[in-house]
*Asks:* 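I have a structure here, written as structure tokens, and I will follow up with some questions on it.
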Amino acid sequence: MWCSRVALRRLQRIAVSPLNHTGKVQRDMSTLPRVYVTRQIPPEGLKILRESGEVQFELWDSDDIPVPRKELLQKVKGVDGLLCVLTEKIDAELLDAAGPNLKVLSTMSVGFDHLSLEEMKKRVIFLVCSCRGIRVGYTPDVLTDAVAELTVALLLATSRRLIEAADEAKTGGWGTWRTLWLCGYELANSTVGILGLGRIGVAIAERLAPFKVKKFIYTDVAPRPELASAINAEFVSMDELAKQSDFLAVCCALTPETKEICNKDLFSKMKNTSIFINTSRGGVVNQEDLYEALSTGQIAAAGLDVTVPEPLPTNHPLFTLKNCVILPHIASASYTTRNAMSSLAANNLLLGLRGEPMIKGLKL
């Protein structure tokens with residue numbers, strides 16, 4: 001585990017450091033590769049692009065409002081590179097609008113379910129004869145600590161009913177002391193289940209261990225003994241994960257296989273004292289089934305940082321439940337992590353345009 005920590009710290013240092021210039025004479029700006037950046041990304045990433053002298057880039061200059069689809073389709077025409085965030089759907093329509101010049105796509109996200117990888121694969125196959133293809137970079141690992149911290153915070157806020165308690169204090173519900181008022185569930189002597197054991201799952205378990213958790217269990221597509229050994233976690237089936245977990249943290253990627261994997265079947269096997277936490281992707285949960293499980297007392301409570309859609313409409317039934325804590329997708333929202341993500345996205349883009357290996361690239 002020590003080795004993996006050293007590797008992670010090294011990646012974080014590399015990700016945020018400006019790349020060394022290639023030594024070539026700087027070209028006239030008009031001859032540089034054209035790049036479109038779909039959001040006003042954190043300053044460290046923009047600084048890397050500006051100071052590289054290797055690209056000319058145009059920016060959708062807002063962090064509050066995503067670029068309108070019509071404008072995005074117009075702006076990507078003829079670009080060599082695209083730096084996007086998870087709100088932009090990169091599909092056949094956009095790739096067609098961009099045209100054959102598009103060589104590199106860099107997303108400032110660890111998830112890539114907004115990217116149509118199948119379409120990109122088709123284009124790589126189609127373009128291989130002319131030695132061209134779209135290379136894709138993303139930003140995993142640099143957000144491990146931030147996501148793990150937020151997951152633990154959300155778990156505690158949900159299990160100990162902190163949001164509900166704060167509201168009671170503010171609105172006059174705080175009366176005389178009562179024996180069972182706002183009681184929740186402790187981590188001590190509990191079983192914590194992890195659905196999808198990767199770096200983030202391990203980091204969550206490491207932070208929970210000092211709370212005297214009795215046992216960690218996990219399920220994945222296959223056992224992951226090297227990661228599991230770091231937290232002394234036992235591999236179990238999906239059914240056993242549901243049955244045994246006092247706290248169930250979802251950390252898996254959204255794929256066709258995991259879409260709505262957390263559904264009525266899973267919730268029906270969980271204890272009525274169980275706490276369900278999702279900081280991965282909203283699409284892994286069937287929200288109607290979750291509402292049913294929460295409203296009927298099938299499970300005790302849920303904490304969600306991700307939903308479908310995002311933002312979740314304020315009139316959604318889940319917002320009516322006191323035992324459901326919903327956050328606006330902020331797991332990676334620390335200044336350090338978001339700057340590291342933007343830096344890694346910028347460096348991936350520049351390396352891709354150079355034709356060099358990206359720091360973190362997807363294999364299509």
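Note that this is a predicted model, so its numbers are computed, not measured. We count residues from 1, following the sequence as given.
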*Asks:* Donor-acceptor pair, D289 side chain versus E292 backbone, under 3.5 Å?
*Replies:*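 Checking the backbone N and O of E292 against the side chain of D289, no donor-acceptor pair under 3.5 Å is found.
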*Asks:* Hey, are D61 and K75 close enough for a salt bridge, meaning a charged N less than 4.0 Å from a carboxylate O?
*Replies:* no
*Asks:* Judged by modelled atom types alone, do D64 and S62 share a side-chain donor-acceptor pair under 3.5 Å?
*Replies:*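 No.
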*Asks:* Is it the case that more than 12 heavy atoms not belonging to K259 sit under 6.0 Å from its NZ atom?
*Replies:* no
*Asks:* Would the number of heavy atoms belonging to other residues, nucleotides or ligands and lying under 6.0 Å from CH2 of W174 be above 12?
*Replies:* no
*Asks:* So do the side chains of L241 and L195 get within less than 4.5 Å of each other, counting heavy atoms only?
*Replies:* yes
*Asks:* Is T337 reaching over with its side chain to a backbone N or O of L143, donor-acceptor style, under 3.5 angstrom?
*Replies:* no
*Asks:* Compare every heavy atom of S280 with every heavy atom of C252, then report the nearest pair and how far apart it is.
*Replies:* O-CB, 3.1 Å
*Asks:* Quick check: does any side chain N or O of K103 sit under 3.5 Å from a backbone N or O of N101, one acting as donor and the other as acceptor?
*Replies:* yes
*Asks:* Search all heavy atoms of S245 against all heavy atoms of V192 and return the closest pair with its distance.
*Replies:* OG-C, 4.5 Å
*Asks:* Identify whether V306 and I299 are in the same connected component of the hydrophobic contact network (ILVMFWY, side-chain heavy atoms under 4.5 Å).
*Replies:*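 As far as the 4.5 Å side-chain criterion goes, I299 and V306 are not connected within one cluster.
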*Asks:* Quick one: do I326 and F319 satisfy side chain to side chain contact (heavy atoms under 4.5 Å, CB included)? Show the steps, please.
*Replies:* CA-CA 8 Å; I326 301 174; F319 278 123; 3.8 Å; yes
*Asks:* For the residue pair R39 / T87, report whether a side-chain donor-acceptor contact shorter than 3.5 Å exists.
*Replies:* yes
*Asks:* Could you tell me if E88 and T38 have a donor-acceptor pair between their side chains, going purely by distance under 3.5 Å?
*Replies:* yes
*Asks:* Are L294 and F267 close enough that some pair of their side-chain heavy atoms sits under 4.5 Å apart?
*Replies:* no
*Asks:* Using the rule that Ile, Leu, Val, Met, Phe, Trp and Tyr join whenever any side-chain heavy atoms are under 4.5 Å apart, tell me whether M108 and L351 fall into a single cluster.
*Replies:*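 In one cluster with M108: L351, yes.
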*Asks:* Show, in sequence, the C-alpha distance, side-chain angles and deciding distance for V104 and D80, and conclude whether the side chain to side chain contact (heavy atoms under 4.5 Å, CB included) test is met.
*Replies:* CA-CA 7 Å; V104 179; D80 300 281; over 6 Å; no
*Asks:* So how far is it from D239 CG to D265 CG, rounded to the nearest 0.5 Å?
*Replies:* 6.5 Å
*Asks:* Between E257 and T255, is any side-chain donor less than 3.5 angstrom from a side-chain acceptor?
*Replies:* yes
*Asks:* For a quick test of reading the model, state the closest non-hydrogen atom pair linking L344 to P140 and the distance between them.
*Replies:*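 Heavy atoms of L344 and P140 come nearest at CD2-O, 4.1 Å.
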*Asks:* Could you go step by step and tell me if L156 and L187 meet the side chain to side chain contact (heavy atoms under 4.5 Å, CB included) rule?
*Replies:* CA-CA 9 Å; L156 290 169; L187 278 159; 3.8 Å; yes
*Asks:* Hey, quick one: are V147 and L327 part of the same hydrophobic cluster, counting side-chain heavy atoms closer than 4.5 Å, chains of contacts allowed?
*Replies:*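 Hydrophobic grouping puts V147 with L327.
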*Asks:* Is it true that a side-chain atom of Y218 and a backbone atom of G201 form a donor plus acceptor pair closer than 3.5 Å?
*Replies:* no
*Asks:* Under 4.5 Å between side-chain heavy atoms, counting indirect links through other Ile/Leu/Val/Met/Phe/Trp/Tyr residues: same cluster for V250 and I194 or not?
*Replies:* no
*Asks:* Taking all heavy atoms of Q244 and all of I217, pick out the closest pair and write down the distance.
*Replies:*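 For Q244 versus I217, the nearest heavy atoms are CB-CD1, 3.7 Å.
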*Asks:* For a 4.5 angstrom cut-off between non-hydrogen side-chain atoms, does L290 reach L304?
*Replies:* yes
*Asks:* Within the distance-only criterion (no hydrogens, no angle test), does the side chain of N323 pair as donor or acceptor with the backbone N or O of A300 below 3.5 angstrom?
*Replies:* yes
*Asks:* Find out whether E44 and M341 are in side-chain contact, i.e. whether some heavy atom of one side chain is under 4.5 Å from a heavy atom of the other.
*Replies:*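 With C-beta onward as the side chain, the pair stays apart.
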*Asks:* Is there a side-chain contact between L312 and Q287 in this structure, where contact means two heavy atoms from C-beta onward sitting under 4.5 Å apart?
*Replies:* yes
*Asks:* Looking only at heavy atoms, what is the nearest atom pair of V308 and G282, with distance?
*Replies:* CG2-C, 3.4 Å
*Asks:* Can a donor-acceptor pair be found between the side chains of T336 and S334 at a distance below 3.5 Å?
*Replies:* no
*Asks:* Apply the test side chain to side chain contact (heavy atoms under 4.5 Å, CB included) to residues L73 and L94: give CA-CA distance (whole Å), side-chain angles for both, the deciding distance (0.1 Å), then the verdict.
*Replies:* CA-CA 6 Å; L73 294 175; L94 185 137; 4.1 Å; yes
*Asks:* Under a 4.5 Å cut-off applied to non-hydrogen side-chain atoms, are I90 and L95 in contact?
*Replies:* yes
*Asks:* I'd like to know if the side chain of N263 reaches the main chain of N286, judged simply by a donor and an acceptor atom lying under 3.5 Å from each other, with no hydrogens or angles considered.
*Replies:*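 Checked: no pair found.
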*Asks:* Going by heavy atoms in the side chains, are T307 and H316 under 4.5 Å from each other?
*Replies:*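 A side-chain contact under 4.5 Å is absent here.
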*Asks:* Tell me whether N348 contacts the main-chain N or O of K360 through its side chain, where contact means a donor paired with an acceptor under 3.5 Å.
*Replies:* yes
*Asks:* Please tell me if the side chains of L155 and L208 come closer than 4.5 Å, counting only heavy atoms from C-beta onward.
*Replies:*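 Of all side-chain heavy-atom pairs linking L208 with L155, at least one is under 4.5 Å.
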*Asks:* Can you establish whether the number of heavy atoms outside E310 located under 6.0 Å from its atom CD is more than 12?
*Replies:*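 Atom CD in E310 is packed in, count exceeds 12.
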*Asks:* Run the salt bridge (Lys or Arg N to Asp or Glu O under 4.0 Å) check on D167 and R161 step by step: do they pass?
*Replies:* CA-CA 10 Å; D167 186 64; R161 302 171 67 179; over 6 Å; no
*Asks:* Between the side chain of T219 and the main-chain N/O of V236, is any donor-acceptor distance below 3.5 Å?
*Replies:*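 Side chain of T219 to backbone of V236: a pair is present.
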*Asks:* If two hydrophobic side chains count as joined below 4.5 Å and joins carry through other members, does I330 share a cluster with V152?
*Replies:*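 I330 and V152: one cluster.
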*Asks:* Indicate, with yes or no, if the rings of F57 and Y36 have centres closer together than 6.0 Å.
*Replies:* no
*Asks:* If you measure from the Lys or Arg side-chain nitrogens to the Asp or Glu carboxylate oxygens, is any gap between K215 and D246 under 4.0 Å?
*Replies:*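 Salt bridge: no.
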*Asks:* Does any N or O in the side chain of T139 come within less than 3.5 Å of the main-chain N or O of S109, such that one atom is a donor and the other an acceptor?
*Replies:*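 It does hold such a pair.
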*Asks:* What pair of heavy atoms forms the shortest contact from V284 to A253, and how long is it?
*Replies:*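 Heavy atoms only, the tightest pair is CG1-O, 4.2 Å.
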*Asks:* Between the side chain of D305 and the main-chain N/O of T279, is any donor-acceptor distance below 3.5 Å?
*Replies:* no
